[in-house]
Amino acid sequence: MIREQGDASPLVPSRPTLKKLQIAAAGCQACDLWRTGTQTVFGEGKPTSTVMFVGEQPGNQEDLQGKPFVGPAGNLLDKALVEAGIDRSKVYVTNVVKHFKWEPRGKRRIHKKPNAMEINACRPWLEAEINVVKPRVIICLGSTAAQAILGSKFKVSTQRATFVQSPLAPFVTATVHPSSILRAPSDDQRRAEMAKFIADLKKIRKATDSEAAAAMARQR
Ligand code: URA
Ligand code: SF4
């Protein structure tokens, strides 16, 4: 792969484990986001996880706690996983960009979308996580993650929960970002968006489960 200048690849250890990656990424300064973020928020989950969720970047809570998906979006994701019957202990969660990008709004820090340079700078960390975990299923959350991983043509609005051929994993797909559900303008719309999100996750679970069952039957 052709690398942009100034990406994180020189920092990636040659025989990585998740622990080694996390330690190396803690000192990353490959783009400017380390200057304003509190800390690198690396992915989290067992190396044997079969499902990987990829978000955009850590939020305010994640930045402060140093863990991905521990704030409101993470709580919503956890609820949806239970509803969809996806075992949280087999799930790895991470982000395309590993520092919180924000701008001040009064006393609050408001999320700001990462740009292409920042996404490219941070990509080696995500690629290394995928190489170590080797998930069966990768689920991008929201269009920033989907476009970074599936290409700029992918439209979450029309292609959510459909699978895309990819060298990254046997099953690669995307759905909406849980934050977009939290931003729905009314309770009714929030409930409707949550139901659609759970339906996507169920559909993905069933598609990937039945494939697993078929593969096992073939081995017998
Ligand atoms: N939103 C994300 O995309 N990632 C997180 O870790 C938290 C919120
Ligand atoms: Fe490094 Fe990614 Fe943080 Fe930029 S956002 S400094 S590339 S870890």
Side-chain angles (χ1 to χ4, degrees), residues 16-18 21 42-57 67-70 73-98 119 123 125-182 191-220:
T17 60
L18 290 178
L21 286 170
F42 205 68
E44 194 173 62
K46 293 194 193 127
T48 52
S49 298
T50 53
V51 180
M52 183 181 284
F53 282 92
V54 184
E56 179 186 295
Q57 60 162 326
K67 289 164 178 284
F69 288 102
V70 292
N75 291 338
L76 189 142
L77 177 62
D78 286 348
K79 275 194 201 126
L81 288 176
V82 172
E83 294 288 324
I86 297 176
D87 182 353
R88 186 70 178 78
S89 71
K90 292 181 184 156
V91 166
Y92 186 91
V93 288
T94 189
N95 289 294
V96 167
V97 165
K98 289 173 169 58
I119 290 170
R123 192 184 301 274
W125 295 124
L126 177 63
E127 287 175 356
E129 288 175 294
I130 294 171
N131 286 337
V132 170
V133 177
K134 295 189 175 60
R136 254 175 79 66
V137 190
I138 296 177
I139 305 171
C140 306
L141 296 172
S143 59
T144 303
Q147 297 192 344
I149 292 171
L150 307 176
S152 58
K153 290 201 192 79
F154 193 91
K155 295 277 173 288
V156 172
S157 53
T158 55
Q159 291 171 276
R160 57 191 288 178
T162 63
F163 295 98
V164 174
Q165 284 287 339
S166 166
L168 297 176
F171 294 96
V172 179
T173 185
T175 180
V176 297
H177 197 288
S179 300
S180 72
I181 302 170
L182 294 169
R191 268 193 290 275
E193 286 305 320
M194 181 64 167
K196 278 203 266 178
F197 183 57
I198 291 165
D200 281 357
L201 296 183
K202 267 191 193 155
K203 180 186 166 195
I204 294 163
R205 174 177 63 76
K206 283 183 184 157
T208 58
D209 274 1
S210 56
E211 227 281 336
M216 258 154 68
R218 279 198 296 277
Q219 279 170 11
R220 275 191 220 116

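Values below: every heavy atom of this structure, side chains too, minus hydrogens, waters and symmetry copies. Count residues from 1 along the sequence.
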Using every non-hydrogen atom in the two residues, find where [X] and [Y] come nearest and quote the distance to one decimal.
{"X": "A145", "Y": "V96", "result": "CA-CG2, 3.7 Å"}
{"X": "C140", "Y": "L150", "result": "SG-CG, 4.3 Å"}
{"X": "R205", "Y": "G85", "result": "CD-O, 3.2 Å"}
{"X": "T208", "Y": "F171", "result": "CG2-CG, 3.5 Å"}
{"X": "A84", "Y": "L201", "result": "CB-CB, 3.6 Å"}
{"X": "S89", "Y": "D87", "result": "OG-OD1, 2.8 Å"}

List the steps, then state whether side-chain contact (heavy atoms from CB on, under 4.5 Å) holds for E129 with K134.
CA-CA 8 Å; E129 288 175 294; K134 295 189 175 60; over 6 Å; no
Sub-3.5 Å donor-acceptor pair from the side chain of [X] to the main-chain atoms of [Y], do we have one?
{"X": "T173", "Y": "T162", "answer": "yes"}
{"X": "K98", "Y": "W125", "answer": "no"}
{"X": "R160", "Y": "D200", "answer": "no"}
{"X": "K206", "Y": "K203", "answer": "no"}

Using 0.5 Å steps for rounding, measure from the [atom1] atom of [X] to the [atom2] atom of [Y].
{"X": "F69", "Y": "T94", "atom1": "CZ", "atom2": "OG1", "result": "8.5 Å"}
{"X": "I119", "Y": "L126", "atom1": "CD1", "atom2": "CG", "result": "11.0 Å"}
{"X": "N95", "Y": "E44", "atom1": "CG", "atom2": "CD", "result": "11.5 Å"}
{"X": "I139", "Y": "I204", "atom1": "CD1", "atom2": "CD1", "result": "4.0 Å"}
{"X": "K196", "Y": "T175", "atom1": "NZ", "atom2": "OG1", "result": "9.5 Å"}
{"X": "Y92", "Y": "K46", "atom1": "OH", "atom2": "NZ", "result": "13.5 Å"}

With side-chain contact (heavy atoms from CB on, under 4.5 Å) as the criterion, how do L141 and H177 come out once you've worked through the C-alpha distance, each side chain's angles and the decisive distance to 0.1 Å?
CA-CA 4 Å; L141 296 172; H177 197 288; 4.1 Å; yes
Hey, mind stepping through V82 and K79 against side-chain contact (heavy atoms from CB on, under 4.5 Å) and telling me if it holds?
CA-CA 5 Å; V82 172; K79 275 194 201 126; 5.9 Å; no
